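Read the structure below first, then the notes.
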Number of protein chains: 2
Amino acid sequence: MSARAYLVDDDEAIRDSLGWLLESRGVACESYPSAEDFLAAWEPSLAGCLLLDIRMDGMSGPELFDILCERGSRLPVIFLTGHGDVPMAVSALKKGAFDFVEKPCNDNELVNRVIEALKLDENRRAAASGTDSVNARVSRLTTREQQVMELILAGKLNKVIADELQISMRTVEVHRANLFEKMGVRTAVELAQLLAGKR
Amino acid sequence: MSARAYLVDDDEAIRDSLGWLLESRGVACESYPSAEDFLAAWEPSLAGCLLLDIRMDGMSGPELFDILCERGSRLPVIFLTGHGDVPMAVSALKKGAFDFVEKPCNDNELVNRVIEALKLDENRRAAASGTDSVNARVSRLTTREQQVMELILAGKLNKVIADELQISMRTVEVHRANLFEKMGVRTAVELAQLLAGKR
DNA sequence: GCCGACATTGCGGATTTCCACAATATGCAC
DNA sequence: GTGCATATTGTGGAAATCCGCAATGTCGGC
């Protein structure tokens, strides 16, 4: 499933016109007539951005946004509204919405926002993939190896680690070498930088 | 200069009433009748938050905000406005404003926002002080010591560092020991973690 | 029961780091 | 010129790390 703009609006005319507008500018687009429909189709791996109408039959845009946030969605959300409401805009943006646009709006401007949002999502995913890769490697470490790694990151000498874990220094050396191998680093410094901030 | 709420509004009645409100809730407050006046008094070390009217004679609130941002201000800003304007609210929040409140507003709510903003600023400063402390220590390092530190952080062995800097290994050892001393660390791993992300 | 993954340990040598003691050279400030 | 900060190098030994080779023991799955 490649990145695209997900358009959620209960007004078919808007779905069609916005969908056409986006497609004409080269932005892949997928439309849903209700928040419930989108929520049913949503999964964490969805990439792209979400164009969300505020007022809809059934679940409202902000309600859907809240639920997605709770479920860990990082999809950038652009709210669309027909009637300016400052508190609502403030609330949405403070919760992390990407943008809040009043209809009718400048089409060109809206497409630009969508493209910005898509780019943001792409960058986020690129950054996250690095972290994921590191986490994956850490999870492949043995229990003992993880323990040793913790102590290495605490800046302790092998002899101290051996002491604290009640094992011989030689064993620590083995675990150390193995975990370096698995983590793909050659020195403790590289290890520290690889895990910097990622926990 | 301790943390306080800086109130900028060209309406004396509002300055007085908001000032009184904040003081009565234990929030120190300082008022300015214009953006220009505040800008003249501003300095990077000011701690607290800024309550900023949108529409004023002379420089507007958003204009002042932009200038402060350019000058590196991290002061949380709460915008106050009498006439709801969604695009302006969106613009302000996307630029990093802390909040955007319509007048008249619930006094209690406003004070709570101010207190939140003050807390945010305090937390930011606490986090930054650690970074500053590290930066200060780095700046006390000799040119050579900084060069050696870079190579240590690149995970290189003393012999390699000696080679790259075209000096003897012994000299590298000296610089290494000195910079560890100055940075207050005992191992290369501690050094790596101290500087993790801070550059 | 056999096999593979994991944990453990020892030996011995190569390599590296850590450090005290000692010394030379340069550049800048007073 | 004297003094201080910085940079440089050497000797030599103690401590720590790095690593190949070899081996034992446990545990869980097939």
Side-chain angles (χ1 to χ4, degrees), chain A residues 130-199, chain B residues 130-199:
Chain A
T131 302
D132 286 351
S133 153
V134 171
N135 289 337
R137 273 178 280 175
V138 170
S139 69
R140 276 186 221 106
L141 295 181
T142 292
T143 306
R144 262 304 199 230
E145 287 167 350
Q146 289 189 18
Q147 292 171 351
V148 172
M149 187 176 77
E150 288 303 322
L151 297 173
I152 289 174
L153 291 176
K156 301 187 177 177
L157 294 179
N158 284 353
K159 61 155 39 179
V160 179
I161 296 175
D163 206 54
E164 290 191 21
L165 293 182
Q166 293 283 295
I167 55 182
S168 83
M169 229 180 81
R170 188 64 187 81
T171 307
V172 175
E173 290 174 28
V174 172
H175 289 318
R176 181 187 182 106
N178 289 339
L179 79 88
F180 276 19
E181 169 71 26
K182 289 184 183 176
M183 296 299 292
V185 298
R186 301 192 71 261
T187 69
V189 173
E190 283 180 34
L191 183 67
Q193 294 187 330
L194 193 62
L195 274 77
K198 311 209 168 178
R199 276 176 321 155
Chain B
T131 302
D132 286 352
S133 152
V134 171
N135 289 337
R137 272 178 279 176
V138 170
S139 69
R140 277 187 219 105
L141 295 180
T142 291
T143 305
R144 263 300 199 236
E145 287 166 351
Q146 289 189 18
Q147 292 172 351
V148 171
M149 186 175 77
E150 289 302 323
L151 297 173
I152 289 174
L153 291 176
K156 299 185 178 176
L157 294 179
N158 284 351
K159 60 155 42 179
V160 179
I161 297 174
D163 206 55
E164 291 190 20
L165 293 182
Q166 291 285 297
I167 55 181
S168 82
M169 231 181 77
R170 188 63 188 82
T171 306
V172 175
E173 289 175 38
V174 173
H175 288 318
R176 182 188 181 104
N178 289 338
L179 79 88
F180 275 20
E181 169 71 27
K182 289 184 183 176
M183 295 300 291
V185 298
R186 301 192 74 258
T187 68
V189 173
E190 283 179 34
L191 183 67
Q193 295 187 330
L194 193 63
L195 274 75
K198 312 208 169 179
R199 278 176 321 155

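Just so it is clear, the model here is predicted, and its values are computed rather than measured. Here is the naming used below: chain letters follow the sequence lines, and residue numbers restart at 1 for every chain.
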Expressed as a whole number of angstroms, how long is the span from Q146(A):CD to dA7(C):C1'? 15 Å

Please tell me which of V174(A) and K156(A) maps to the more 5' nucleotide of DNA chain D, matching each residue to the nucleotide holding its nearest heavy atom. K156(A)

Minimum side-chain heavy-atom gap L157(A)-V160(A) below 4.5 Å: yes

CG of L157(B) versus C1' of dA16(D): gap in Å, rounded? 14 Å

Kindly say if T142(A) contacts the phosphate of dA7(C), meaning a side-chain N or O under 4.0 Å from OP1 or OP2. yes

Rounded distance (Å) that lies between atom P of dC19(D) and atom CG of L179(A): 13 Å

Between CZ of R176(A) and P of dA7(C) the distance, given in whole Å, is 17 Å

Terminal helix-axis angle for the helix from dG1(C)-dC30(D) to dC30(C)-dG1(D), with five pairs defining each axis and rounding to 10 degrees: 40°

Using whole Å, report how far CD of E173(A) lies from P of dT15(C). 16 Å

Do the non-hydrogen side-chain atoms of M183(B) and L195(B) ever get within less than 4.5 Å of each other? yes

Rounded to the nearest angstrom, tell me the gap between atom CG in L141(A) and atom P in dA5(C). 16 Å

So, taking the atom named CD in E190(A) and the one named NZ in K156(B), what distance separates them when rounded to the nearest 0.5 Å? 10.5 Å

Establish, with yes or no, whether the OP1 or OP2 oxygen of dA7(C) is under 4.0 angstrom from a side-chain nitrogen or oxygen of T171(A). no

Side chain to side chain, R144(A) and I167(A), heavy atoms closer than 4.5 Å: yes

Where the side chain of E173(B) meets the backbone of N158(B), is there a donor-acceptor pair that is under 3.5 Å apart? no

To the nearest Å, give me how far apart CG (L151(B)) and P (dT17(C)) are. 13 Å

Is the phosphate of dC6(C), meaning OP1 or OP2, less than 4.0 Å from a side-chain N or O of H175(A)? no

Near DNA chain D, under 4.0 Å by heavy atom, which residues of residues 158-167 of chain A? N158(A), K159(A)

What do the steps show when you test L141(B) against N178(B) for side chain to side chain contact (heavy atoms under 4.5 Å, CB included), and what is the final call? CA-CA 9 Å; L141(B) 295 180; N178(B) 289 338; over 6 Å; no

Does S168(B) reach a base, just sugar-phosphate, or nothing at all? Heavy atoms under 4.0 Å. sugar-phosphate

Evaluate whether atom CD of E164(A) has more than 12 neighbouring non-hydrogen atoms of other residues, nucleotides or ligands under 6.0 angstrom away. yes

Please check if atom CD in E181(A) has more than 12 non-hydrogen atoms from other residues, nucleotides or ligands closer than 6.0 Å. no

Classify the nucleic acid contact of E145(A) as base, sugar-phosphate or nothing, counting any heavy atom under 4.0 Å across all strands shown. nothing

Counting C-beta onward and ignoring hydrogens, is there a side-chain heavy-atom pair between Q147(B) and I161(B) closer than 4.5 Å? no

Residue closer to the 5' end of DNA chain C, K182(A) versus V172(A) (nearest nucleotide): K182(A)

Taking OP1 and OP2 of dC11(C), is either one under 4.0 Å from a side-chain nitrogen or oxygen of R170(A)? no

In this structure, how many angstroms lie between the C1' atom of dT11(D) and the CE atom of M169(B), rounded? 13 Å

For R176(B), is there any backbone N or O sitting under 3.5 Å from a side-chain donor or acceptor partner on E145(B)? no

Any R144(A) side-chain N or O less than 4.0 Å from OP1/OP2 of dC6(C): no

